[in-house]
Participant: 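Okay, handing you the structure first.
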Amino acid sequence: MRKTHYIPFRNFFHKPSFKPSTKPRPFTAYSFIPFSPIAMLDPTILTIGGIVLGIAIIERILNRWGVIDLADQFEKVMRFILPVTFYGALFYFFATFMF
């Protein structure tokens, strides 16, 4: 026959349990965030890339049509815009997705 042990309601929350609780062993957890190329599908990065690609395509079309003066103006603008856009998008990508 089993013996049943009753605990009064008031003592239920104030007394420790009958079984000693086992403490979890400490372990070291490491965090690793892999680089995902899918993160480049961010709308901001796609918009910036689309604008730069569109300007480059317009420059090529102007060269084929023989409008060299206007194509040279686009080239001068692109010589400045491309590095600024690239480093700006790279900074935006790392600031947004890595932190």
Side-chain angles (χ1 to χ4, degrees):
M1 187 172 201
R2 267 203 222 170
K3 220 176 192 187
T4 307
H5 182 72
Y6 292 100
I7 302 172
F9 183 74
R10 289 184 184 187
N11 295 337
F12 180 72
F13 290 104
H14 299 295
K15 285 190 175 181
S17 63
F18 293 111
K19 293 181 181 177
S21 63
T22 57
K23 294 182 181 179
R25 292 182 294 163
F27 65 96
T28 306
Y30 296 100
S31 174
F32 175 69
I33 302 172
F35 173 75
S36 173
I38 295 174
M40 288 292 219
L41 296 177
D42 179 51
T44 306
I45 292 178
L46 289 177
T47 303
I48 293 171
I51 291 170
V52 171
L53 188 62
I55 293 173
I57 290 172
I58 289 172
E59 182 187 347
R60 279 239 162 161
I61 290 172
L62 289 174
N63 274 331
R64 284 189 184 170
W65 287 351
V67 189
I68 305 298
D69 294 335
L70 194 55
D72 285 341
Q73 294 298 324
F74 269 98
E75 181 186 352
K76 288 177 185 176
V77 170
M78 289 296 285
R79 197 175 286 168
F80 174 74
I81 287 179
L82 278 176
V84 170
T85 306
F86 173 74
Y87 289 117
L90 195 65
F91 175 75
Y92 173 79
F93 173 73
F94 284 120
T96 306
F97 296 106
M98 295 302 210
F99 299 112

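All figures in this text were calculated on a predicted structure; none of them were measured in a lab.
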Participant: Tell me whether I45 shares a hydrophobic cluster with F94, the cluster being built from Ile, Leu, Val, Met, Phe, Trp, Tyr side chains joined at under 4.5 Å.
Facilitator: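 They do share one cluster, since a chain of ILVMFWY contacts under 4.5 Å joins I45 to F94.
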
Participant: Got a second to check how far I48's CD1 is from Y92's OH, nearest 0.5 Å?
Facilitator: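 Answer rounded to 0.5 Å: 8.0 Å.
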
Participant: Could you name each residue pair satisfying salt bridge (Lys or Arg N to Asp or Glu O under 4.0 Å) that touches residues 45-57, not counting sequence neighbours?
Facilitator: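 Residue pairs with at least one partner in residues 45-57: there are none.
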
Participant: Is any side-chain heavy atom of F86 closer than 4.5 Å to a side-chain heavy atom of L90?
Facilitator: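 Counting from C-beta outward, F86 and L90 do come under 4.5 Å.
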
Participant: Under 3.5 Å, which donor-acceptor pairs do the side chains of residues 52-77 form with other protein atoms, sequence neighbours left out?
Facilitator:
| unit_1 | atom_1 | unit_2 | atom_2 | d |
| --- | --- | --- | --- | --- |
| E75 | OE2 | R79 | NH2 | 2.9 |

Participant: Which residues pass the side chain to side chain contact (heavy atoms under 4.5 Å, CB included) test with T47, not counting sequence neighbours?
Facilitator: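 For T47 the side chain to side chain contact (heavy atoms under 4.5 Å, CB included) partners, ignoring immediate neighbours, are I51.
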
